[in-house]
Number of protein chains: 2
Amino acid sequence: MSIRVGIYGYGNLGRGVECAIKQNKDMELAAVFTRRDPATVSILTDTAKVYHADEAVGMAGQIDVMILCGGSATDLPAQTPALAEHFNVIDSFDTHANIPVHFANVDTAAKKGSHVGIISVGWDPGMFSLNRLYGNAILANGSDYTFWGKGVSQGHSDAIRRVEGVKDAKQYTVPVESALEAVRAGENPELSTRQKHTRECFVVAEEGADLAKIEKEIVEMPNYFADYDTTVNFISEEELKAKHSGIPHGGFVIRSGKTGWEEEHSHVIEYSLKLDSNPEFTSCVLVAYARAAYRLAQEGQTGCRTVFDIAPAYLSAQSGEELRAHML
Amino acid sequence: MSIRVGIYGYGNLGRGVECAIKQNKDMELAAVFTRRDPATVSILTDTAKVYHADEAVGMAGQIDVMILCGGSATDLPAQTPALAEHFNVIDSFDTHANIPVHFANVDTAAKKGSHVGIISVGWDPGMFSLNRLYGNAILANGSDYTFWGKGVSQGHSDAIRRVEGVKDAKQYTVPVESALEAVRAGENPELSTRQKHTRECFVVAEEGADLAKIEKEIVEMPNYFADYDTTVNFISEEELKAKHSGIPHGGFVIRSGKTGWEEEHSHVIEYSLKLDSNPEFTSCVLVAYARAAYRLAQEGQTGCRTVFDIAPAYLSAQSGEELRAHML
């Protein structure tokens with residue numbers, strides 16, 4: 001029998017989860033839940049239906065794992081604990097500073113409902129976190145580096161769009177190649193914010209807008225751009241659509257360290273992602289952890305987990321014997 | 001109280017484990033066991049003693065985890081099951097084809113003695129296996145690539161040393177850069193053995209030896225070199241010592257795959273290692289998994305495990321709270 005997955009929230013991430021389920025033969029999409037009018041939401045999967053979010057709890061017996069596809073600012077802090085009482089849940093909560101509180105809330109709710117919740121699943125937090133942990137555990141004497149990009153930052157793009165005279169914009173976070181090279185060479189550099197990433201902005205201005213003023217406002221914007229070397233490129237709406245409509249992202253987690261009695265040997269561990277679609281890749285990670293949540297629940301486990309708590313074998317559709325024979 | 005670690009076998013790997021223990025404050029070296037006369041083996045740690053291998057079983061109460069540092073050909077298949085009856089054990093068994101049998105033997109012995117055994121720990125098998133598994137689970141629709149090097153292959157160096165007229169030799173396995181680039185670009189190439197790696201040999205010939213004959217014998221050697229583009233460099237004994245006495249290694253695990261309803265997006269996950277000392281890095285992985293074995297045993301778990309079965313959090317000296325707050 002397939003693992004019956006529910007999708008709660010149908011934006012880029014929800015659609016990505018739907019696509020990922022199609023690629024995993026041991027899973028099926030059971031239902032999509034939306035806060036919009038279900039009649040206005042059309043999905044890709046013929047065999048599944050769209051329901052209003054309010055109907056979810058009543059369908060608890062028909063869904064093995066619910067994947068929450070809302071935002072971290074206001075959706076997930078409320079939705080994940082609420083649903084964890086009724087379902088095994090997975091979310092991609094990514095407000096790093098609030099993870100401990102979110103973990104506690106989901107843990108309480110999941111235990112109350114005898115379910116499993118896995119939070120902060122994706123690539124950062126998620127696969128990048130795992131690689132920080134593995135790297136730290138292995139090279140106890142070393143330094144950590146995380147670089148993001150080249151990729152689209154939704155938050156920075158939104159910040160530019162709020163500037164007066166801006167019609168549309170896309171912002172790319174770009175790792176500084178020379179910094180990456182120094183880290184890879186085991187030089188253990190101390191890097192400032194400015195030395196690690198640059199920011200490239202592609203901006204469509206309103207007709208007649210003061211371009212110099214827009215540029216100045218962007219590059220001097222506190223928190224978002226002031227601490228970075230930022231380049232602003234004004235382009236046409238057509239060019240923005242043609243060349244910058246994707247949502248690529250990626251990045252690098254590097255752990256460098258020394259071993260030997262006198263710390264005479266250097267080692268570099270590097271993990272990198274190059275993603276055409278940030279939400280679709282995040283979705284693939286969510287779906288793999290949905291399989292893990294299902295299995296943990298089958299074992300009778302309850303409560304909140306993160307990627308740190310999940311043995312890798314739970315993510316794979318293959319058995320332990322198969323994994324040892326073919327992948328070890 | 002520290003985790004008391006025993007080292008069973010004191011070659012390059014055993015010394016590496018000793019160095020790694022020094023860097024992990026929650027661990028201490030309890031004893032080193034050797035099949036040689038203990039009086040002839042001097043170790044680096046003042047606070048530990050060397051015992052004969054036969055004394056190990058009698059010291060079971062003084063050692064929390066035994067790390068086996070013997071070879072995979074004949075040592076580990078016998079030693080790991082034998083010791084798993086008396087200790088929690090970790091080994092780096094790396095004969096991929098025999099892992100299922102070794103797993104079954106260690107599992108039976110560990111369960112009999114109520115201990116935990118973790119086998120095939122290191123980087124391949126080990127961290128590379130983990131990355132193959134994570135990559136497969138996430139990008140269900142994709143291809144796997146493992147490249148090794150640049151690094152010293154002990155087996156190939158030994159094979160060259162057996163050629164008549166060869167005094168000493170060192171062989172490097174080198175990944176083909178253009179193949180790596182094609183994989184990274186998501187081109188999904190089908191690669192033959194020859195297209196993935198080249199072999200570089202540094203050979204010290206006996207005085208008066210027939211160099212052309214040696215070279216021909218190396219490059220045509222079945223299994224070891226015939227399927228590769230191999231270069232043979234004759235150098236002096238002094239140059240071999242000065243430039244080729246290290247044991248560097250490393251490599252790349254790459255998973256590339258497609259997502260999207262029509263498979264319209266490409267993704268590349270890459271994990272790479274650049275290691276000055278192959279045995280010291282392997283040792284660091286062994287020590288991190290020794291921590292995991294200790295904790296699993298504390299929980300009352302028994303039997304054989306591989307890296308696939310160990311939740312990452314078990315590897316770190318930090319608590320779950322600390323990990324979630326600082327590393328997620």
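Values reported hereafter were calculated over all heavy atoms of this structure, with side chains retained and with hydrogens, waters and symmetry mates removed.
- Judged by distance alone, with hydrogens and angles left aside, the side-chain atoms of A/Asp276 form no donor-acceptor pair with the main-chain N or O of B/His265 at under 3.5 Å.
- Of all heavy-atom pairs between A/Asn188 and A/Ser143, the closest is OD1-OG, 3.0 Å.
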Go through it in stages, so that I can follow the logic: the residues are A/Glu18 and A/Val32, the test is side-chain contact (heavy atoms from CB on, under 4.5 Å), and I'd like the CA-CA distance, side-chain angles, deciding distance and then a yes or no. CA-CA 9 Å; A/Glu18 184 179 19; A/Val32 170; 5.5 Å; no
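- The parts of A/Thr45 that come within reach of chain B are both its backbone and its side chain, each placing non-hydrogen atoms under 4.5 angstrom from that chain.
- With a threshold of 4.5 angstrom between heavy atoms, A/Phe281 approaches chain B through its backbone and through its side chain.
- The contact between B/Asp124 and chain A is made entirely by side chain atoms (from C-beta outward), counting heavy-atom distances below 4.5 Å.
- Judged purely by atom type and a 3.5 angstrom limit, A/Ser272 has no side-chain atom pairing as donor or acceptor with the backbone of A/Phe252.
- Comparing B/Pro100, B/Ala140, B/Gly260 by how many heavy-atom pairs each has under 4.5 Å with chain A, the most go to B/Gly260.
- With chain B as the partner, the residue from A/Ala137, A/Ser266, A/Ala288, A/Cys284 showing the most heavy-atom pairs under 4.5 Å is A/Ser266.
- Residue contact with chain B, scored on non-hydrogen atoms closer than 4.5 Å, involves the side chain of A/Asn131 exclusively.
- Per-residue counts of heavy-atom pairs under 4.5 Å with chain A were compared for B/Pro312, B/Gly250, B/Ala313, B/Ser129; the largest is that of B/Pro312.
- Interface check for chain B: of the options A/Leu44, A/Ile310, A/Ile254, the most heavy-atom pairs under 4.5 Å are formed by A/Leu44.
- Checking side-chain atoms of B/Thr80 against main-chain N and O of B/Pro77 turns up no donor-acceptor pair under 3.5 Å.
- If you measure heavy-atom distances from A/Leu273 to chain B, the contacts under 4.5 Å come from both the backbone and the side chain.
- Identified by a heavy-atom distance below 4.5 Å to chain B, the contributing residues of residues 315-328 of chain A are A/Leu315, A/Ser316, A/Leu323, A/Arg324, A/Ala325, A/Met327, A/Leu328, in residue-number order.
- Within the 4.5 angstrom heavy-atom criterion, atoms from both the backbone and the side chain of A/Ile269 approach chain B.
- For the ring pair (Phe, Tyr, Trp, His ring centres under 6.0 Å) with A/His249, the qualifying choice from A/Phe128, A/Trp123, A/Phe147 is A/Trp123, the only one to do so.
- At least one side-chain heavy atom of B/Tyr314 sits less than 4.5 Å from a side-chain heavy atom of B/Leu296.
- Here B/Glu181 pairs with B/Arg184 in a salt bridge; the nearest charged N to carboxylate O distance falls below 4.0 Å.
- Applying the salt bridge (charged side-chain N to carboxylate O under 4.0 Å, His left out) test to residues at least two apart or on different chains, the pairs with a partner in residues 280-307 of chain B are B/Asp26-B/Arg291.
- Proximity to chain B is limited to the side chain of A/Tyr289, based on heavy atoms less than 4.5 angstrom apart.
- With a 4.5 Å cut-off on non-hydrogen atoms, A/Val307 touches chain B through its backbone and its side chain both.
- Contact annotation for A/Ala292: neither backbone nor side-chain heavy atoms come within less than 4.5 Å of a heavy atom of chain B.
- In terms of modelled atom types and a separation under 3.5 Å, the side chain of B/Lys22 and the main chain of A/Trp261 share a donor-acceptor contact.
- Both the backbone and the side chain of A/Tyr271 come within contact range of chain B, judged by heavy atoms closer than 4.5 Å.
- In this structure, the side chain of A/Ser120 does not engage the main chain of A/Pro125 through any donor-acceptor pair within 3.5 Å.
- The greatest number of non-hydrogen atom pairs below 4.5 Å with chain A, out of B/Asn24, B/Leu130, B/Asp94, B/Leu286, is found for B/Leu130.
- Residues B/Val253 and B/Tyr145 fail the side-chain proximity criterion, which asks for heavy atoms closer than 4.5 Å.
- A/Thr306 touches chain B through its side chain: at least one heavy atom from C-beta onward sits under 4.5 Å away, while N, CA, C and O do not.
- Contact annotation for A/Asp309: both backbone and side-chain heavy atoms come within less than 4.5 Å of a heavy atom of chain B.
- Salt bridge present: A/Arg255 and A/Asp144 bring a charged side-chain N and a carboxylate O closer than 4.0 Å.
- Defined by atom type and a distance below 3.5 Å, a donor-acceptor pair is missing between the side-chain atoms of A/Thr302 and A/Lys111.
- There is no side-chain donor-acceptor pair under 3.5 Å between A/Ser256 and A/His267.
- Considering only heavy-atom pairs separated by less than 4.5 Å from chain A, the leading option among B/Val285, B/Leu133, B/Ile99, B/Asn141 is B/Leu133.
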